[in-house]
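To keep things clear, I will list the structure first and then write my remarks on it.
When reading the values below, keep in mind they use all heavy atoms of this one structure, side chains included, and skip hydrogens, waters and symmetry mates. Counting starts at 1 for both ligands and their atoms, in listed order. One is the number of the first residue; the rest follow in order along the sequence.
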Amino acid sequence: MDGPYTFPTHRLARLEGANADKTPLVLVACGSYSPVTFLHLRLFEMARDDAHFNTSFHVVGGYLSPVNDKYNKLGLASAKHRVAMCDQAVSDTSDWLMVDPWEARQPRYLPTAQVLDHFDHELNTVRGGADVVVRDPRTGETRVEKRRVRVMLLAGSDLILTMSEPGVWAEKDLHHILGIYGCYIIERSESELDQSIFSSSSVHSRSPLALYRHNIHMVEQTVRNDVSSTKVRLFIRKGMSVKYLIPSVVIRYINRHGLYRTADRRRSSLAQVAPTASPSLVPTLRESGALADDSAVVFEDDEGDEAEKEREKERRVERERREGASLSPAHADQAQQEQAGGDVEMIASTSAS
Ligand SMILES: Nc1ncnc2c1ncn2[C@@H]1O[C@H](COP(=O)(O)OP(=O)(O)OP(=O)(O)O)[C@@H](O)[C@H]1O
Ligand SMILES: NC(=O)c1ccc[n+]([C@@H]2O[C@H](COP(=O)(O)O)[C@@H](O)[C@H]2O)c1
């Protein structure tokens with residue numbers, strides 16, 4: 001993150017051969033990535049497959065854009081670490097994904113519409129579009145032309161659901177994002193979409209979601225994966241394994257820097273402002289003056305995560321079922337070193353299963 005900023009382009013592909021007639025597409029996924037998981041990376045693969053099989057787009061690049069520190073979401077490691085983890089993850093596991101630190105390097109939080117404008121500017125204004133190798137059918141000679149790149153937001157269905165909630169997105173931003181750019185939405189198991197949010201005959205009929213339905217590409221997750229960064233942070237805090245949930249290079253980075261070992265227990269006045277606020281409300285609340293720019297954010301502690309409560313219930317049932325199961329000495333040691341009190345119980349149950 002130090003040093004002058006340059007827009008990463010080293011993995012941008014060009015259109016050629018059978019793809020030379022297609023529209024170049026760049027996918028941009030804005031998110032916290034604290035830390036980046038295999039699922040975040042997999043979202044790009046799912047969207048790219050869909051674009052290639054079902055549309056006339058050809059994906060020439062994919063970018064992760066880690067959110068600015070000022071987003072202040074619970075569990076957010078510093079942008080320096082999040083960008084570095086994303087960088088290492090894509091270098092190690094992908095041959096086409098890139099990480100753009102621009103959003104993270106800004107002095108303030110930027111709404112997603114402005115982040116997409118930045119990509120459009122870099123790709124189309126600065127670079128003049130994507131390279132297309134055009135072949136003259138008469139002479140067989142080839143030349144390289146430029147073609148305008150279509151930029152699209154890539155996100156999970158939880159994000160699009162927030163687009164129909166009041167107060168999370170500025171209406172003009174939704175027209176901008178969905179009308180000009182469009183998006184790829186990957187279904188998320190706990191955020192099933194009620195199709196009525198798109199329906200022109202519903203109460204949402206004049207909503208941007210209905211208006212620009214043709215620019216919204218929905219992709220079903222045929223192999224369901226519901227890893228989240230929240231669960232990864234929780235596992236790390238409990239001393240549990242996160243292997244195969246996140247890339248090994250990211251595990252090594254986390255260990256080296258001692259990240260996520262303690263709970264993020266920030267508390268602030270947001271509790272009084274909006275006790276049930278979702279993290280996505282932070283920028284809006286802040287912009288509307290409900291939050292001071294440097295105030296910490298209050299949400300439920302990660303421990304309050306519903307999914308985790310569910311898993312604890314399952315573990316309790318499993319423990320009862322496995323009466324007599326005991327801690328292996330190795331795990332008992334590790335547990336004593338890394339955890340206190342009740343956490344030992346959790347490790348016992350996972351090592352027994
Ligand atoms: N299980 C999932 N299915 C589909 N999309 C997902 C899933 N998990 C995350 N995403 C998407 O990944 C993008 C990056 O989100 P983010 O970094 O906030 O991930 P997260 O894992 O949900 O984080 P946290 O758990 O910290 O809230 C968002 O567009 C989000 O919708
Ligand atoms: N108004 C907005 O532009 C807006 C609202 C909600 C989330 N987002 C973006 O979505 C991404 C994911 O946010 P959450 O992790 O809060 O779901 C972030 O990059 C955030 O900037 C943007």
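Residue V67 touches ligand 2 through its side chain alone, judged by heavy-atom distances below 4.0 Å. Residue-level proximity to ligand 1 for N225 is carried by the backbone, the only part with a heavy atom below 4.0 angstrom. Contact annotation: for K231 versus ligand 1, there are no heavy atoms closer than 4.0 Å.
Ion pair R105/E103 not flagged as a salt bridge, since none of the NZ, NE, NH1 or NH2 atoms sits closer than 4.0 Å to an Asp/Glu carboxylate oxygen.
Between atom 30 (C) of ligand 1 and the options L159, L64, D158, L76, the minimum heavy-atom separation is to D158. If you check each of H40, R224, R233 against atom 15 (O) of ligand 1, the one with the closest non-hydrogen atom is H40. With distances taken over non-hydrogen atoms, the option nearest atom 16 (O) of ligand 2 out of Y71, W169, Y109 is Y71. The nearest non-hydrogen atom to atom 1 (N) of ligand 2, considering only T162, V168, D173, comes from V168. When the heavy-atom distances from atom 11 (C) of ligand 1 to D226, L43, T37 are ranked, the shortest goes to L43.
Under the side-chain hydrogen bond (donor to acceptor under 3.5 Å, both in side chains) criterion, H52 pairs with H58, not counting sequence neighbours.
Polar contact check, S157 against ligand 1: no nitrogen or oxygen pair lies under 3.5 Å apart. Between E103 and ligand 2, not a single N/O pair is under 3.5 Å apart. Residue-to-ligand polar distances keep S34 apart from ligand 1: every N/O pair is separated by 3.5 Å or more. Residue-to-ligand polar distances place G156 within reach of ligand 1: an N/O pair is separated by less than 3.5 Å.
For ligand 1, the atoms sitting less than 4.0 Å from at least one non-hydrogen atom of L39 are 1 (N), 2 (C), 3 (N), 7 (C), 8 (N), numbered in the order shown with element in parentheses. Atoms of ligand 1 found under 4.0 Å from any heavy atom of T230 (numbered from 1 in listed order, with element): 24 (P), 25 (O), 26 (O), 27 (O). For ligand 1, the atoms lying closer than 4.0 Å to a non-hydrogen atom of A155 are 29 (O). If you number the atoms of ligand 1 from 1 as listed, the ones under 4.0 Å from a heavy atom of Q221 come out as 3 (N), 4 (C). Which parts of ligand 1 touch I186 is read off a 4.0 Å heavy-atom cut-off, strictly below it: atoms 4 (C). Atoms of ligand 1 lying under 4.0 Å from any heavy atom of S228, numbered from 1 in the order shown and given with element: 21 (O), 25 (O). For ligand 2, the atoms lying closer than 4.0 Å to a non-hydrogen atom of S32 are 15 (O). Using a 4.0 Å cut-off to heavy atoms of S32, the atoms of ligand 1 that qualify are 16 (P), 17 (O), 18 (O). Heavy-atom proximity to P111, at under 4.0 Å, picks out these atoms of ligand 2: 3 (O). Of all the atoms in ligand 1, the ones that sit under 4.0 Å from a non-hydrogen atom of E187 are 3 (N), 4 (C).
Expressed to the nearest 0.5 Å, how far CZ of R233 lies from OG1 of T262 amounts to 11.5 Å. One distance of note links CD of E187 with CE of M46; it measures 9.0 Å at 0.5 Å rounding.
Although no hydrogens or angles enter the test, the distance criterion places no donor-acceptor pair under 3.5 Å between the side chain of R148 and the main chain of P24.
The heavy-atom pair separating S34 from R82 by the smallest distance is CB-CD, 3.6 Å. When every heavy atom of H217 is checked against every heavy atom of F57, the shortest pair comes out as NE2-CE1, 4.2 Å. Between A104 and A79 the shortest heavy-atom distance is CB-CB, 3.9 Å. Heavy-atom minimum distance, R147 versus K22: NH1-O, 2.6 Å. The minimum heavy-atom distance between V242 and I236, with the atom names listed, is CG1-CG1, 3.9 Å.
N215 and R150 are linked by a side-chain donor-acceptor pair at a separation below 3.5 angstrom, with hydrogens and angles left out of the test. Residues D87 and Y253 have side chains that never bring a donor and an acceptor to within less than 3.5 angstrom of each other. Between the side chains of W102 and S65, no donor-acceptor pair of N or O atoms lies under 3.5 Å.
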